[in-house]
There are 2 protein chains.
Amino acid sequence: MNEDQDRLFVTALARGLDVLAAYQAGDRALGNTELAQRCGLPKSTVSRLTYTLCKLGYLSQDESGKYRPAPAVLTLGFAALSGLDLRERAREPMRRLSEETGLSVTLGVRQGTRVVYVETCRALTRVGIRLEVGSTVPLATTAIGRALYMALAPAEQQEVVCLLADEYGARWPEVAARLQVAQTTYGETGFCASYGEFEPDIHAVAVPIAGSAPAMAINCSGPAYRLTPARWAEEIAPQVVKLAAQLAV
Amino acid sequence: MNEDQDRLFVTALARGLDVLAAYQAGDRALGNTELAQRCGLPKSTVSRLTYTLCKLGYLSQDESGKYRPAPAVLTLGFAALSGLDLRERAREPMRRLSEETGLSVTLGVRQGTRVVYVETCRALTRVGIRLEVGSTVPLATTAIGRALYMALAPAEQQEVVCLLADEYGARWPEVAARLQVAQTTYGETGFCASYGEFEPDIHAVAVPIAGSAPAMAINCSGPAYRLTPARWAEEIAPQVVKLAAQLAV
DNA sequence: TGAGTTGTTCCGCATTGCGGAACATAATTT
DNA sequence: AAATTATGTTCCGCAATGCGGAACAACTCA
């Protein structure tokens with residue numbers, strides 16, 4: 001498709017994964033036409049890909065003939081998690097912090113310009129936004145995203161900034177300014193915060209875990225009405241900093 | 001490869017997914033040669049596939065040049081989970097049952113001859129075997145696997161039996177006999193059990209959830225020393241049966 | 001019934017991805 | 001240091017593979 005196309009790039013594989021990735025949270029079953037539109041591929045191509053994915057068990061067909069991701073894709077993700085030993089070490093301390101504070105505690109890694117959660121402890125009956133292993137949140141406007149950004153080498157920060165600028169378009173200058181403020185604050189305090197900048201009613205603080213590979217950060221979040229920003233900074237942030245230090249290699 | 005090969009089957013996609021699926025729990029990073037062996041593919045082919053998967057963010061390369069699954073694969077699994085509304089409805093009641101009994105409670109679906117967990121509540125500090133969303137256990141020797149088997153239509157049971165016979169080979173008759181016993185017990189009591197048949201020190205009971213699509217079953221398990229089979233049947237099983245009934249559509 | 005969906009299948013073409021072999025690069029051995 | 005084994009990457013010509021337009025089929029709604 002590109003003129004400078006890569007002899008090494010396997011298009012058919014990429015397209016098949018595009019089909020799987022076309023499913024967003026909240027989607028139910030999708031038909032071939034819908035998938036073709038989302039992926040920008042001809043129907044016949046998608047038909048072959050869905051056929052193949054069904055045979056392999058990664059999609060299943062419901063009674064109406066539409067396709068939904070099958071449990072097999074879960075097992076792929078499980079293998080990804082099982083290599084992260086930091087995650088196992090973090091689980092118990094995270095749970096304790098969550099219980100002591102009554103807030104949700106999460107562990108995340110960066111994937112492009114988003115953060116993927118790899119472990120979560122939610123305070124009980126916290127409904128609303130999804131807070132699940134495998135779900136993602138933006139990098140620039142969340143506490144955990146900023147923490148991961150702070151942990152990057154300058155060259156990588158630059159790359160990420162390019163991606164973000166692309167993504168936010170005209171809104172980028174404003175977001176960039178707030179990211180800049182976060183960076184200054186991080187330099188002074190050692191943690192990142194987002195007070196309602198991602199979800200209006202959610203406050204959060206986060207800290208990168210030094211030496212983690214892949215780089216991870218730990219996040220503590222809760223409803224805005226519970227605590228003022230000052231109390232987040234004074235009471236919660238130090239506990240998160242301490243936990244991050246304890247988990248550092 | 002096959003003479004009667006399918007014009008519709010996209011080999012390159014299947015091979016790429018084979019590479020991702022080659023990672024088992026406990027694997028760390030794998031090199032191209034290792035992957036080539038596991039998948040039975042030539043090195044150069046695997047090299048192209050890993051290259052593509054890296055570009056797409058599903059694999060990442062560590063400092064030694066070996067590959068490991070990247071967080072992007074988690075997001076695929078997340079989309080699969082988010083379509084299962086039964087899972088959300090089940091979460092709270094599962095947690096309550098787990099707390100009341102001090103046992104682990106899991107929700108699973110069948111994938112071929114294995115069961116994939118889609119939701120788990122573990123009793124605290126239950127270590128040892130993995131009990132994570134996305135992990136799998138066998139069908140024929142576990143309580144939850146048997147429960148899912150019982151929920152199948154006879155024709156599907158037959159198909160599964162063929163797969164199992166293949167898998168177990170010479171050991172199948174013995175396993176089949178115990179599965180047969182389980183079926184009789186299920187007919188009489190409405191639940192399935194496995195007292196140490198999968199893991200020697202683990203006892204479990206499970207019940208299929210009527211009307212669930214995809215078919216799911218709920219499982220309750222704990223260490224063998226805690227309860228005798230009689231008490232599992234008398235005290236725990238009724239609670240699981242009740243929960244399954246409550247979750248039925 | 002006909003016009004709108006949808007998903008599936010056909011089929012000839014050229015692109016795509018194949019895979020052996022040659023080429024690097026690194027880590028061990030003799 | 002040369003030799004050996006192991007790795008991962010790249011080349012390149014060939015043909016099998018997967019492409020995608022178009023025809024087909026099945027199903028729904030006026």
Side-chain angles (χ1 to χ4, degrees), chain A residues 1-23 27-70 83 213-214, chain B residues 1-23 27-70 83 213-214:
Chain A
M1 306 270 149
N2 286 323
E3 36 278 309
D4 57 17
Q5 65 196 302
D6 224 326
R7 282 297 252 134
L8 302 179
F9 192 79
V10 181
T11 315
L13 172 54
R15 289 175 164 183
L17 288 166
D18 271 3
V19 167
L20 277 185
Y23 288 86
D27 288 337
R28 314 243 130 222
L30 299 179
N32 277 337
T33 307
E34 175 79 27
L35 287 168
Q37 278 167 358
R38 293 198 187 193
C39 301
L41 294 171
K43 270 197 312 176
S44 56
T45 299
V46 170
S47 181
R48 251 175 297 120
L49 296 173
T50 51
Y51 172 85
T52 306
L53 290 168
C54 278
K55 276 237 160 172
L56 298 171
Y58 294 107
L59 285 180
S60 65
Q61 220 169 354
D62 67 10
E63 55 297 340
S64 75
K66 301 199 183 280
Y67 303 93
R68 41 178 1 297
Chain B
M1 311 262 151
N2 286 324
E3 37 277 309
D4 57 16
Q5 65 196 302
D6 223 329
R7 288 285 265 145
L8 301 179
F9 192 78
V10 180
T11 316
L13 173 55
R15 289 175 163 183
L17 288 165
D18 270 3
V19 167
L20 277 185
Y23 288 86
D27 288 337
R28 315 241 129 222
L30 299 179
N32 276 337
T33 308
E34 174 80 26
L35 287 168
Q37 277 167 358
R38 293 199 186 192
C39 301
L41 294 170
K43 270 198 310 176
S44 56
T45 298
V46 170
S47 182
R48 251 174 296 119
L49 296 173
T50 51
Y51 172 86
T52 305
L53 290 168
C54 277
K55 277 236 160 175
L56 298 171
Y58 294 106
L59 285 181
S60 64
Q61 223 170 350
D62 68 9
E63 55 298 338
S64 75
K66 300 200 183 280
Y67 303 93
R68 41 177 0 297

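To find a chain, count down the sequence lines: A is the first, B the second, and so on, and within it residues start at 1.
In this structure, CD of A:Q37 is placed 11 Å from P of C:dT5, rounded to the nearest angstrom. Rounded to a whole Å, the CG atom of B:L30 is 12 Å from the P atom of D:dT7. To the nearest angstrom, C1' of D:dT9 lies 15 Å from CG of B:L35. Rounded to whole Å, the distance from OH on A:Y67 to P on C:dT6 is 14 Å. A straight line from CZ of B:F9 to P of D:dT17 spans 12 Å, rounded to a whole angstrom. Rounded to an integer number of Å, the gap from CG of A:N32 to P of D:dC19 is 14 Å. We find that CG of A:L13 is positioned 21 Å from P of C:dT15, with the value rounded to whole Å. Nucleotide C:dT16 holds its P atom 8 Å from the CZ atom of A:R15, rounded to whole Å.
If you find the closest nucleotide of DNA chain C to A:A12 and to A:T33, the one lying nearer the 5' end belongs to A:T33.
Between A:T11 and C:dG17, a side-chain N or O to OP1/OP2 separation shorter than 4.0 Å is present. Dashed line: the shortest gap from a side-chain N or O of B:Q61 to OP1 or OP2 of D:dT9 is under 4.0 Å.
Residues meeting the side-chain contact (heavy atoms from CB on, under 4.5 Å) test with B:A70, sequence neighbours left out: B:S60. In this structure A:Q37 satisfies the side chain to side chain donor-acceptor pair (under 3.5 Å) test with no other residue, sequence neighbours excluded. Considering only residues two or more places apart in sequence or on other chains, A:T52 meets the side chain to side chain donor-acceptor pair (under 3.5 Å) condition with none of them. For B:R68, there are no side chain to side chain donor-acceptor pair (under 3.5 Å) partners, not counting sequence neighbours. Taking A:Y67 as the reference, A:Q61 meet the side chain to side chain donor-acceptor pair (under 3.5 Å) condition, with sequence neighbours excluded.
Where the helix from C:dT1-D:dA30 to C:dT30-D:dA1 starts and where it ends, the local axes point in directions that differ by 30°; five pairs per end, rounded to 10°.
Taking a 4.0 Å limit (strictly below) on heavy-atom distances, residues 38-57 of chain A reaches DNA chain D at A:P42, A:S44, A:T45, A:R48.
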Each nucleotide N or O in nucleotides 12-14 of chain D that has a protein N or O under 3.5 Å away: list the pair and distance.
{"unit_1": "D:dG13", "atom_1": "O6", "unit_2": "A:R7", "atom_2": "NH2", "d": "2.8"}

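The residue A:G65 sits apart from the nucleic acid: no heavy atom pair falls under 4.0 Å.
Shortest non-hydrogen contact noted between A:C39 and A:D18 is SG-O, 3.8 Å.
Residues in residues 37-50 of chain A take part in these salt bridge (charged side-chain N to carboxylate O under 4.0 Å, His left out) pairs, two or more places apart or across chains: A:D27-A:R38, A:E34-A:R38. Applying the salt bridge (charged side-chain N to carboxylate O under 4.0 Å, His left out) test to residues at least two apart or on different chains, the pairs with a partner in residues 51-60 of chain B are A:D6-B:K55.
Residues B:V10 and A:T45 have side chains not in contact (no heavy-atom distance under 4.5 Å, counting atoms from C-beta outward).
We find the CG-OH distance between B:L13 and A:Y51 to be 13.0 Å, quoted to the nearest 0.5 Å. To the nearest 0.5 Å, atoms CG (A:L59) and NZ (A:K66) are separated by 13.5 Å. One distance of note links OG1 of B:T50 with CG of B:L35; it measures 7.0 Å at 0.5 Å rounding.
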